[in-house]
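Input: a single structure, listed below in C-alpha coordinates.
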Amino acid sequence: MSLTTRKRILAWIIDYGIIAVYATVLFLLTNVIIEITSLKPANNPYIGQLIGFTTLTLPVITYSYFTERSSWAGTVGKKLQKLTVLADQNDSPKSVLLRNILKYLPWEMAHTGVHWSMYYTSNNMEIPIWTWIILISPQIFVIVYFASILISKGESSIYDYFSNTKIEIKKNNAMY
(Lines give C-alpha, C1' and ligand atoms only; values in the text may rest on other atoms or scores of the structure.)
Protein backbone atom coordinates (compact mmCIF):
# COMPACT_ATOMS: atom_id res chain seq x y z
CA MET A 1 0.00 0.00 0.00
CA SER A 2 1.44 3.37 -1.01
CA LEU A 3 2.26 6.14 1.45
CA THR A 4 -0.45 8.36 -0.04
CA THR A 5 -3.03 5.60 0.40
CA ARG A 6 -2.06 5.07 4.04
CA LYS A 7 -2.18 8.80 4.72
CA ARG A 8 -5.53 9.08 2.97
CA ILE A 9 -7.00 6.26 5.07
CA LEU A 10 -5.68 7.85 8.28
CA ALA A 11 -7.10 11.22 7.20
CA TRP A 12 -10.47 9.54 6.60
CA ILE A 13 -10.39 7.98 10.09
CA ILE A 14 -9.64 11.38 11.66
CA ASP A 15 -12.35 13.15 9.66
CA TYR A 16 -14.97 10.52 10.39
CA GLY A 17 -14.00 10.68 14.05
CA ILE A 18 -14.79 14.40 13.98
CA ILE A 19 -18.06 13.71 12.16
CA ALA A 20 -18.96 10.97 14.67
CA VAL A 21 -18.40 13.36 17.59
CA TYR A 22 -20.62 15.96 15.87
CA ALA A 23 -23.31 13.34 15.12
CA THR A 24 -23.21 12.10 18.73
CA VAL A 25 -23.62 15.63 20.12
CA LEU A 26 -26.46 16.21 17.64
CA PHE A 27 -28.14 12.95 18.70
CA LEU A 28 -27.81 13.76 22.41
CA LEU A 29 -29.06 17.30 21.89
CA THR A 30 -32.05 15.99 19.93
CA ASN A 31 -32.91 13.56 22.71
CA VAL A 32 -32.67 16.33 25.32
CA ILE A 33 -34.96 18.57 23.24
CA ILE A 34 -37.46 15.74 22.78
CA GLU A 35 -37.38 15.01 26.53
CA ILE A 36 -37.74 18.65 27.60
CA THR A 37 -40.47 19.57 25.13
CA SER A 38 -42.25 16.20 25.13
CA LEU A 39 -42.30 16.40 21.35
CA LYS A 40 -42.84 13.08 19.70
CA PRO A 41 -40.83 12.64 16.48
CA ALA A 42 -43.10 12.43 13.47
CA ASN A 43 -43.21 9.11 11.68
CA ASN A 44 -42.71 10.81 8.35
CA PRO A 45 -39.72 9.83 6.20
CA TYR A 46 -39.82 13.15 4.34
CA ILE A 47 -39.51 15.17 7.54
CA GLY A 48 -36.87 12.80 8.90
CA GLN A 49 -34.89 13.12 5.69
CA LEU A 50 -35.16 16.90 5.69
CA ILE A 51 -34.07 17.19 9.33
CA GLY A 52 -31.24 14.68 8.86
CA PHE A 53 -29.99 16.38 5.71
CA THR A 54 -30.07 19.92 7.11
CA THR A 55 -28.55 19.07 10.50
CA LEU A 56 -26.03 16.35 9.57
CA THR A 57 -25.29 15.89 5.88
CA LEU A 58 -25.33 19.53 4.79
CA PRO A 59 -23.00 20.68 7.63
CA VAL A 60 -20.58 17.82 6.85
CA ILE A 61 -20.52 18.65 3.13
CA THR A 62 -20.11 22.34 4.01
CA TYR A 63 -17.23 21.56 6.42
CA SER A 64 -15.47 19.46 3.77
CA TYR A 65 -16.07 21.98 1.01
CA PHE A 66 -14.83 25.04 2.91
CA THR A 67 -11.77 23.33 4.39
CA GLU A 68 -10.81 21.89 1.01
CA ARG A 69 -11.30 25.33 -0.61
CA SER A 70 -9.35 27.11 2.15
CA SER A 71 -5.61 27.66 2.33
CA TRP A 72 -5.46 24.27 4.06
CA ALA A 73 -6.66 22.63 0.81
CA GLY A 74 -8.03 19.77 2.88
CA THR A 75 -10.03 18.72 5.89
CA VAL A 76 -8.51 18.49 9.37
CA GLY A 77 -7.61 14.85 8.72
CA LYS A 78 -5.91 15.70 5.43
CA LYS A 79 -4.05 18.62 7.03
CA LEU A 80 -2.77 16.39 9.83
CA GLN A 81 -1.65 13.83 7.25
CA LYS A 82 -0.09 16.57 5.08
CA LEU A 83 -2.41 15.86 2.15
CA THR A 84 -3.92 18.47 -0.14
CA VAL A 85 -6.88 18.45 -2.50
CA LEU A 86 -5.85 19.72 -5.89
CA ALA A 87 -8.35 21.04 -8.41
CA ASP A 88 -8.11 22.75 -11.76
CA GLN A 89 -7.73 26.46 -10.95
CA ASN A 90 -10.36 27.46 -13.53
CA ASP A 91 -13.01 25.20 -12.02
CA SER A 92 -11.82 24.85 -8.43
CA PRO A 93 -14.95 25.84 -6.44
CA LYS A 94 -17.24 23.73 -8.64
CA SER A 95 -14.79 20.82 -8.66
CA VAL A 96 -14.44 20.75 -4.88
CA LEU A 97 -18.20 21.07 -4.40
CA LEU A 98 -18.90 18.25 -6.87
CA ARG A 99 -16.19 16.14 -5.17
CA ASN A 100 -17.92 16.45 -1.81
CA ILE A 101 -21.44 15.92 -3.14
CA LEU A 102 -20.33 12.70 -4.84
CA LYS A 103 -18.28 11.64 -1.82
CA TYR A 104 -21.23 11.95 0.59
CA LEU A 105 -23.97 10.80 -1.83
CA PRO A 106 -23.84 7.17 -0.61
CA TRP A 107 -24.15 8.40 2.96
CA GLU A 108 -27.30 10.37 2.14
CA MET A 109 -28.70 7.46 0.15
CA ALA A 110 -28.25 5.24 3.21
CA HIS A 111 -30.05 7.81 5.37
CA THR A 112 -32.93 7.79 2.90
CA GLY A 113 -33.14 4.01 3.06
CA VAL A 114 -33.07 4.03 6.85
CA HIS A 115 -35.84 6.65 7.10
CA TRP A 116 -38.08 4.71 4.73
CA SER A 117 -37.37 1.31 6.30
CA MET A 118 -38.20 2.75 9.74
CA TYR A 119 -41.42 4.18 8.32
CA TYR A 120 -42.51 0.88 6.79
CA THR A 121 -41.47 -1.16 9.82
CA SER A 122 -43.22 1.12 12.32
CA ASN A 123 -46.40 0.90 10.23
CA ASN A 124 -46.18 -2.91 10.07
CA MET A 125 -45.68 -2.79 6.32
CA GLU A 126 -43.31 -4.89 4.28
CA ILE A 127 -40.22 -2.95 3.22
CA PRO A 128 -40.43 -2.58 -0.58
CA ILE A 129 -37.59 -3.67 -2.85
CA TRP A 130 -36.75 -0.07 -3.84
CA THR A 131 -35.93 0.68 -0.19
CA TRP A 132 -33.61 -2.33 -0.05
CA ILE A 133 -31.90 -1.13 -3.23
CA ILE A 134 -31.38 2.29 -1.64
CA LEU A 135 -29.92 0.59 1.46
CA ILE A 136 -27.59 -1.73 -0.48
CA SER A 137 -26.42 0.68 -3.21
CA PRO A 138 -24.33 2.85 -0.86
CA GLN A 139 -22.33 -0.21 0.18
CA ILE A 140 -21.48 -0.85 -3.46
CA PHE A 141 -20.55 2.81 -3.98
CA VAL A 142 -18.21 2.75 -0.97
CA ILE A 143 -16.50 -0.44 -2.19
CA VAL A 144 -16.00 1.15 -5.62
CA TYR A 145 -14.72 4.36 -4.00
CA PHE A 146 -12.25 2.46 -1.85
CA ALA A 147 -11.11 0.23 -4.72
CA SER A 148 -10.52 3.30 -6.90
CA ILE A 149 -8.40 4.85 -4.14
CA LEU A 150 -6.33 1.66 -3.85
CA ILE A 151 -5.91 1.39 -7.63
CA SER A 152 -4.72 5.01 -7.90
CA LYS A 153 -2.33 4.55 -4.95
CA GLY A 154 -4.31 7.10 -2.96
CA GLU A 155 -4.06 9.94 -5.45
CA SER A 156 -7.59 9.73 -6.79
CA SER A 157 -10.98 8.13 -6.40
CA ILE A 158 -13.93 7.75 -8.69
CA TYR A 159 -15.42 10.94 -7.23
CA ASP A 160 -12.07 12.73 -7.73
CA TYR A 161 -12.09 11.55 -11.34
CA PHE A 162 -15.57 12.94 -12.03
CA SER A 163 -14.84 16.21 -10.20
CA ASN A 164 -11.40 16.70 -11.78
CA THR A 165 -9.58 16.72 -8.42
CA LYS A 166 -6.81 14.65 -6.89
CA ILE A 167 -4.98 14.17 -3.61
CA GLU A 168 -1.30 14.87 -3.18
CA ILE A 169 1.19 14.79 -0.33
CA LYS A 170 2.29 18.36 0.40
CA LYS A 171 5.72 19.09 -1.01
CA ASN A 172 6.51 21.50 1.81
CA ASN A 173 6.47 19.90 5.29
CA ALA A 174 5.41 23.15 6.97
CA MET A 175 1.88 23.16 8.32
CA TYR A 176 0.19 26.37 7.12
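The CG atom of Leu3 sits 11.0 Å away from the NZ atom of Lys82 when rounded to the nearest 0.5 Å. Summarising the geometry, atom NZ belonging to Lys166 is positioned 10.0 Å from atom OG1 belonging to Thr4; distances are rounded to the nearest 0.5 Å. Considering CD of Gln49 and OG1 of Thr54, their distance stands at 10.0 Å, rounded to 0.5 Å. Atoms OG1 and CG, from Thr55 and Leu26 in turn, are 4.5 Å apart once rounded to the nearest 0.5 Å. To the nearest 0.5 Å, atoms CD1 (Ile33) and CG (Leu29) are separated by 4.0 Å. Note: Phe146 CZ to Leu150 CG = 4.0 Å, rounded to the nearest 0.5 Å.
Inspection of the Ser95 and Asn164 side chains reveals no N or O donor paired with an N or O acceptor under 3.5 Å. A donor-acceptor pair shorter than 3.5 Å can be found between the side chains of Ser2 and Thr5.
The main-chain N or O of Tyr104 is never found under 3.5 Å from a side-chain atom of Glu108 such that the two would form a donor-acceptor pair. Side chain of Asn44 to main chain of Tyr46: a donor-acceptor pair is present (N/O by atom type, distance under 3.5 Å, no hydrogens or angles). Using a distance-only test at 3.5 Å, with no hydrogens or angles considered, no donor-acceptor pair links the side chain of Ser137 to the main chain of Ile134. With hydrogens and angles disregarded, a donor-acceptor distance shorter than 3.5 Å links the side chain of Thr67 to the backbone of Ser64. Between the side chain of Lys7 and the backbone N or O of Gln81, at least one donor-acceptor pair lies under 3.5 Å. Between the side chain of Asp15 and the backbone N or O of Gly77, at least one donor-acceptor pair lies under 3.5 Å. Side-chain N or O atoms of Ser148 include none that pairs as donor or acceptor with a backbone N or O of Ser157 at under 3.5 Å. Judged by distance alone, the side chain of Thr62 and the main-chain N or O of Leu58 form a donor-acceptor pair under 3.5 Å.
By the rule that hydrophobic residues join a cluster once side-chain heavy atoms approach within less than 4.5 Å of another member, Ile14 and Trp72 end up as members of one cluster. In this structure, Leu102 is not a member of the same hydrophobic cluster as Val142, with clusters built from ILVMFWY side-chain heavy atoms closer than 4.5 Å. Put simply, Tyr161 and Ile151 are part of two different groups of oily side chains (I, L, V, M, F, W, Y) that touch within less than 4.5 Å, one to the next. No path of Ile, Leu, Val, Met, Phe, Trp and Tyr side chains, each step under 4.5 Å between heavy atoms, connects Val96 with Ile158, placing them in separate hydrophobic clusters.
Taking the six-membered ring for Trp and thresholds of 30 and 60 degrees, Trp116 and Tyr119 have ring planes more than 60 degrees apart, a perpendicular arrangement. His111 and Trp107 have tilted rings, their planes meeting at an angle from 30° to 60° on a 0 to 90° scale.
Looking only at side-chain heavy atoms (C-beta outward), Tyr159 and Leu105 stay at 4.5 Å or farther from each other. Contact annotation: the side chain of Leu83 never approaches that of Lys170 to less than 4.5 Å [non-hydrogen atoms, C-beta and beyond]. Residues Met118 and Val114 have side chains in contact (heavy-atom distance under 4.5 Å, counting atoms from C-beta outward). For the pair Leu28 and Val32, the minimum side-chain heavy-atom distance is 4.5 Å or more. Counting only heavy atoms from C-beta outward, the side chains of Lys94 and Leu97 never approach each other to under 4.5 Å.
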Leu86 and Glu168: CA distance, side-chain angles, deciding distance, side chain to side chain contact (heavy atoms under 4.5 Å, CB included) verdict: CA-CA 7 Å; Leu86 301 176; Glu168 183 177 271; 3.6 Å; yes
Derivation and outcome, side chain to side chain contact (heavy atoms under 4.5 Å, CB included), residues Lys78 and Glu68: CA-CA 9 Å; Lys78 288 181 189 76; Glu68 290 178 359; 3.2 Å; yes
Thr84 vs Ile167, side chain to side chain contact (heavy atoms under 4.5 Å, CB included): CA-CA, chis, key distance, verdict: CA-CA 6 Å; Thr84 58; Ile167 303 295; over 6 Å; no
Leu135/Ser117 under side chain to side chain contact (heavy atoms under 4.5 Å, CB included): CA gap, chis, key distance, verdict: CA-CA 9 Å; Leu135 285 168; Ser117 64; 4.3 Å; yes
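Closest of all the heavy-atom pairs between Val85 and Gly74 is CG2-CA, 4.4 Å. Contact record, Pro138 with Met109: CG-CB, 3.7 Å, taken as the closest heavy-atom pair.
For Tyr16, the OH atom sits in a packed shell: over 12 heavy atoms of surrounding residues, nucleotides or ligands are nearer than 6.0 Å.
Checked for salt-bridge contact, Arg8 and Glu155 miss the test: no charged N lies under 4.0 Å from a carboxylate O.
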